[in-house]
2 protein chains.
Amino acid sequence: MDQTDKKIIEELSSNSRITMKELGERVHLTAPAAAARVQKIEENGVIEGYSIKANQAKLGCFMFTFINIYIEGTHHLPYLSFIQKQEKYIINNYKISGDSCYLLECRFPSNEALNQFLLELNKYANYKLSIVINK
Amino acid sequence: MDQTDKKIIEELSSNSRITMKELGERVHLTAPAAAARVQKIEENGVIEGYSIKANQAKLGCFMFTFINIYIEGTHHLPYLSFIQKQEKYIINNYKISGDSCYLLECRFPSNEALNQFLLELNKYANYKLSIVINK
DNA sequence: CTCTTTGACTTTATTTTCGAAAGGAGTTAA
DNA sequence: TTAACTCCTTTCGAAAATAAAGTCAAAGAG
């Protein structure tokens with residue numbers, strides 16, 4: 001993991017569909033050399049996958065939210081199995097140290113979907129809702 | 001934006017370095033047809049970019065945090081210009097409705113970097129720190 | 001000091017993919 | 001019917017990826 005590898009990760013972060021030839025040029029390598037490095041970085045688990053940045057609003061999900069989860073006592077399992085079933089709304093469930101137990105990153109297609117979700121969620125945990133206005 | 005387009009976005013979300021030929025096969029199209037659709041989706045702004053999922057811990061950033069930002073009064077500009085200068089640590093700055101004004105998503109390479117950042121941050125805003133233990 | 005090994009790179013050659021162009025099928029409307 | 005449009009496939013030359021072979025420098029052993 002030298003400077004060239006870091007540059008490769010930087011370049012792929014900003015555009016992962018770049019060709020190996022172009023990537024090579026940007027880090028002063030030939031295409032095969034760049035491809036070999038990328039493969040090694042993948043094998044080391046530093047690159048876990050290739051994805052897109054999608055505009056959620058244009059995909060019909062105009063509500064982007066963070067939900068702090070508060071669970072009394074030590075029975076986290078009912079909550080955890082609940083959110084596993086709700087994967088279509090949930091982007092990430094962070095276990096955190098601090099005020100609350102978890103921080104849920106979610107998106108919803110409508111107010112109704114959000115409302116329904118919160119009603120269900122309330123059976124398992126208390127929450128504090130934050131709606132993202134802007135990035 | 002029909003079912004095929006949604007499938008394309010799904011496939012590219014899970015692997016954006018897939019070839020147009022393979023993408024086409026997965027959505028029952030030829031390579032040129034798939035490429036044409038992807039281009040349209042890009043032009044519509046639904047796909048904003050192509051990126052990687054990098055393992056932050058293996059990149060040497062073992063502290064992943066959320067920081068709730070509280071600003072008294074209406075002078076957000078000093079804070080906003082401060083975080084623009086701190087881009088190397090900051091993944092996202094969400095403007096939110098709810099308890100706090102902003103939610104900062106950050107990663108730090110060390111406790112010292114975090115400490116230094118918080119000392120600086122405190123000149124512009126009050127905060128509440130949450131450290132991510134697990135995803 | 002010389003020989004060998006190793007690792008990272010380049011060069012070359014082959015296979016695969018891309019991307020532009022042309023054309024066909026289905027739909028809509030005059 | 002014909003024209004215009006959309007969306008697709010087929011075709012083919014250009015570009016990129018990939019595999020294989022060769023180069024070079026550093027490190028270690030005899």
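Below, each value reflects all heavy atoms present in this structure, side chains not excepted, and no hydrogens, waters or symmetry copies. So that the names make sense, note that chain A is the first sequence line, chain B the second, and so on, each numbered from 1.
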Does any pair with a residue in residues 95-119 of chain B pass salt bridge (charged side-chain N to carboxylate O under 4.0 Å, His left out), and if so which ones, sequence neighbours excluded?
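Salt bridge (charged side-chain N to carboxylate O under 4.0 Å, His left out) check on residues 95-119 of chain B returns no pairs.
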Sub-4.5 Å side-chain heavy-atom contact between [X] and [Y]:
X      : Y     : value
A:N126 : A:E72 : yes
B:Y124 : B:I83 : no
A:C61  : A:Y89 : no

Just to verify, what does [X] make a salt bridge (Lys or Arg N to Asp or Glu O under 4.0 Å) with, not counting sequence neighbours?
X      : answer
A:R37  : A:D2, A:D5
A:E10  : none
A:E22  : A:R26
B:E120 : B:K123

Report, one line per pair, each donor and acceptor closer than 3.5 Å where one atom sits in a side chain of residues 128-135 of chain A; sequence neighbours left out.
none

How would you list, by chain and number, every residue that makes a side chain to side chain contact (heavy atoms under 4.5 Å, CB included) with A:S100, sequence neighbours excluded?
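A:N68, A:Y70, A:I96.
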Residues in side chain to side chain contact (heavy atoms under 4.5 Å, CB included) contact with A:N115, at least two apart in sequence or another chain
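By the side chain to side chain contact (heavy atoms under 4.5 Å, CB included) rule, A:N115 matches A:L119.
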At a heavy-atom distance below 4.0 Å, what parts of residues 33-52 of chain B sit against DNA chain D?
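Under 4.0 Å from DNA chain D: B:A33, B:R37, B:K40.
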Give me the residues of residues 12-29 of chain A where at least one heavy atom lies under 4.0 Å from an atom of DNA chain D, by number, or none.
A:T19, A:M20, A:K21
Out of B:Y127, B:Y79, B:F66, which residue meets the ring pair (Phe, Tyr, Trp, His ring centres under 6.0 Å) rule with B:Y102?
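Exactly one candidate clears the test, B:Y79.
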First and last nt of DNA chain C near chain A, cut-off under 4.0 Å to heavy atoms, 5' to 3', are C:dA8 to C:dT11
Note the angle between the end axes of the helix from C:dC1-D:dG30 to C:dA30-D:dT1, five pairs defining each, rounded to 10 degrees.
10°
